[in-house]
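Here's the structure we're looking at; comments come further down.
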Amino acid sequence: MTAAISARGLVKRFPAMEHPALDDLSLDVAEGEMLAITGPSGSGKSTALYAMAGLIRLDAGAVTVLGQTPVRRADWARVRAASLGLVFQDDWLLPTLTAVQNVEMPMIGVERSATLRAERAHAALDRVGLAKHADRLPAGLSGGERQRVAIARALANSPAVVLADEPTGELDVANSERVVGLLRGLNDAGTTVVIVTHDPGVAAACGREVHMVDGKLEDAP
Amino acid sequence: MTLTGIALRNLTHRPWRTGLTLLGVALAIAAYVALVGLTRGIENTLLEGFSSRGTDVVMTEAGAADILSSVVPESLAAEVAQVEGVQAAAPEMGRMTTVGEATTSFIVGWPPDAYGFDSVEIIAGRFPVAEDASGEVAGGIALGARLAERLNVAPGDRVQVFAVPFAVTGIYAADGVMSQNGALMRLGDMQAQTYREAQATSVVVRLEDNLSPAERDAVIDGLADRFPNLSVDATEEMVEEYLNLRIANILAWVVSTVAVLSAALAVLNTMAMTVNERRGEIAIMGAVGWPRGRVIRVLLLEGAWLTAAGSVLGILAGVAVAWIVARSPSVEGFVEPVIDAALLARALALGLGIGLIGAYLPAARAAREDPAAILRGK
């Protein structure tokens, strides 16, 4: 099977850390796979995910996304806009924009037609069950609803790969299950999903799990 | 949703901060428009005052701080009139003094044969040089139309000048705000009232009409050579070098510059605070695939909209202030603000420049930040 993401020899050191956050990490994520990256705090799992999204500068190594190996920031921005959807532990919604405008935001510069952008944003919100809250500001939504808006935003440009960093970390059980269900549904529809999680329940919902310790992969527990 | 929409929503989301910064920009632009408009108005008033009566050259006492403190002999005019290229020359005495009840005006004293009378149209009564029915040369004063209106006087009335009641002999129309708000009297009367027998403040010169620019310059140089103890200036140069005007210009620029720099700092401060508070939002823009340029652009749009609104408000306020100042009793009649499209365009460009520079620095810094460090947790 072709790799959606291929990471080779990733090294990342942070000045305050004794050990590298990523220590010669290599990892392949197959197209259509749903992968969980687990590990204790400080093991480097989130750093690995950010490296796959091109959001940190690596000290060594390279990441290939769908056959492209971006190096410059601008190249990574293009890859993220076209192929990657990102979900974080915090929703990071823009507080001044409504739910649908937040979802529309990644499409600016990608889709020229404002009408099409709005249509797609509404469709993405509908997909996460929030069509009726489209015009609400984030402050008027619950934590679970905001995270679902963030997932809809990640889907805005129909990415081939969704990368999620502790997407259920701030949610109660019911909302966690709903979010995992959404990501599961995406994967069932063919989207490659990589989730960084502490939660064994979330990891269990994924097709494969890799475990990280001290910036390296270990066999899953 | 567009970049402009996002920028405007961010501004309206923090109404107090936006409003106060906008006021800071408006204040700076208002100061710039009002001060420059008024200074240009003063310059224009002076220039109009001379050029409207066909004066090409003004000869004053060398080294005099300004034209009103200059002293030259009245008899000099006849000598100047003999110079080749000079069509006419006349002694002139100018004074700023109170006319009527606390109305400060510029009064000019001319001899009866001064060429300046050609450019002044009498609209009621007569000049204070013509003989009256009794055949005597009547002393008196002619008032500019606007001054007469402000004083509510007509020919035959009397007004107090130099603490002496002068008969209003006529009302005249003339170009230029200072002339319209000024007054004319006989040079002899003015000399008598100011204890300057046989003196004038300047000799004003009208050159021949058909001279080329080079020939004009040659005549002016010739006058300067022939009268080395006098300052001989073309009208425009004299206005440019007018000390009080230069001081007004410098003050206008200093105050405007301080106001503009303060506004730039206010915008920089606001945008730095905004950017600092919104590091997460800026990071997410990058995370969803916005290139650095687009992130900077949305922040620049905020700065541009903020300062554009402030500039428009400032322009309106500046125009209003300039006209209010020009209509105040102590200034009325001396200055009509000169606020043209070019000045307004410069004010708008200045405002936008403040916004773009003030927004760019924090925006560029924020767009350089590593988004991962911010997005990993609030």
Side-chain angles (χ1 to χ4, degrees), chain A residues 12 14 21 46-47 49-51 53-57 72-98 100-110 114 117-118 121 137-139 150 153-154 156-157 159 163 165-166 169-170 196, chain B residues 1-19 270-271 273-303 305-306 363-378:
Chain A
K12 177 66 185 175
F14 291 110
S46 289
T47 306
L49 191 89
Y50 286 114
L55 292 174
I56 53 171
R57 288 194 195 99
R72 295 181 308 135
R73 278 178 84 137
D75 299 334
W76 267 113
R78 271 193 290 276
V79 166
R80 281 196 296 274
S83 310
L84 299 178
L86 303 177
V87 182
F88 303 92
Q89 184 170 349
D90 297 309
D91 54 75
W92 292 114
L93 298 179
L94 272 60
T96 55
L97 303 186
T98 62
V100 72
Q101 288 167 336
N102 264 287
V103 176
E104 199 183 324
M105 195 257 285
M107 289 187 260
I108 295 174
V110 176
R117 286 202 303 262
L137 290 171
R153 181 182 60 196
N157 287 327
L163 303 174
D165 182 22
E166 302 276 11
E170 300 269 305
V196 165
Chain B
M1 179 52 40
T2 58
L3 294 186
T4 302
I6 293 173
L8 289 176
R9 275 174 172 266
N10 282 330
L11 289 173
T12 52
H13 188 63
R14 296 167 180 87
W16 274 102
R17 184 188 300 173
T18 300
T270 297
M271 292 308 294
M273 281 169 69
T274 299
V275 165
N276 197 43
E277 282 170 11
R278 288 166 43 208
R279 289 168 70 225
E281 294 173 34
I282 293 162
I284 200 71
M285 289 172 185
V288 301
W290 278 22
R292 189 168 168 249
R294 195 181 304 149
V295 176
I296 291 175
R297 210 181 320 151
V298 80
L299 293 165
L300 287 182
L301 277 170
E302 276 185 43
W305 276 106
L306 179 69
R365 187 169 54 86
R368 268 198 307 270
E369 278 197 79
D370 199 346
I374 300 158
L375 296 173
R376 288 176 77 153
K378 281 179 179 169

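Numbered from 1 within each chain, the chains take letters A, B, ... in sequence-line order.
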Quick one: what part of A:L86 sits under 4.5 Å from any heavy atom of chain B, side chain, backbone, both or neither? side chain
All heavy atoms of B:M285 vs all of A:M105, minimum pair found to be CG-SD, 4.3 Å
Would a distance-only check, ignoring hydrogens and angles, find a side-chain to backbone donor-acceptor pair under 3.5 Å from B:R9 to A:T96? yes
Flag the pair B:I284 / A:R153 as yes when at least one side-chain heavy-atom distance between them is below 4.5 Å, and no otherwise. yes
Could you pull out the closest heavy-atom pair between B:I374 and A:W92, with the gap in Å? O-CZ2, 3.3 Å
Would you say B:W290's side chain and A:G109's backbone share a donor-acceptor pair under 3.5 angstrom? no
Please look at B:R294 and chain A and tell me whether the side chain, the backbone, both or neither of the residue comes under 4.5 angstrom of a heavy atom of that chain. side chain
Heavy atoms from other residues, nucleotides or ligands near CH2 of A:W76 exceed 12 (cutoff 6.0 Å): yes
Over all atoms of both residues, closest heavy-atom pair of A:I108 and B:L3: CG2-CD2, 3.9 Å
Please answer whether the main-chain N or O of B:P291 pairs with a side-chain N or O of A:R78 as donor and acceptor at a distance below 3.5 Å. no
Mark yes or no for whether B:R278, through its side chain, and A:L94, through its backbone, hold a donor-acceptor pair below 3.5 Å. no
For B:G289 against A:R80, the heavy-atom pair lying closest together: CA-CB, 4.0 Å
Checking the side chain of A:E104 only, and the main-chain atoms of B:M1 only, is there a donor and an acceptor separated by less than 3.5 Å? yes
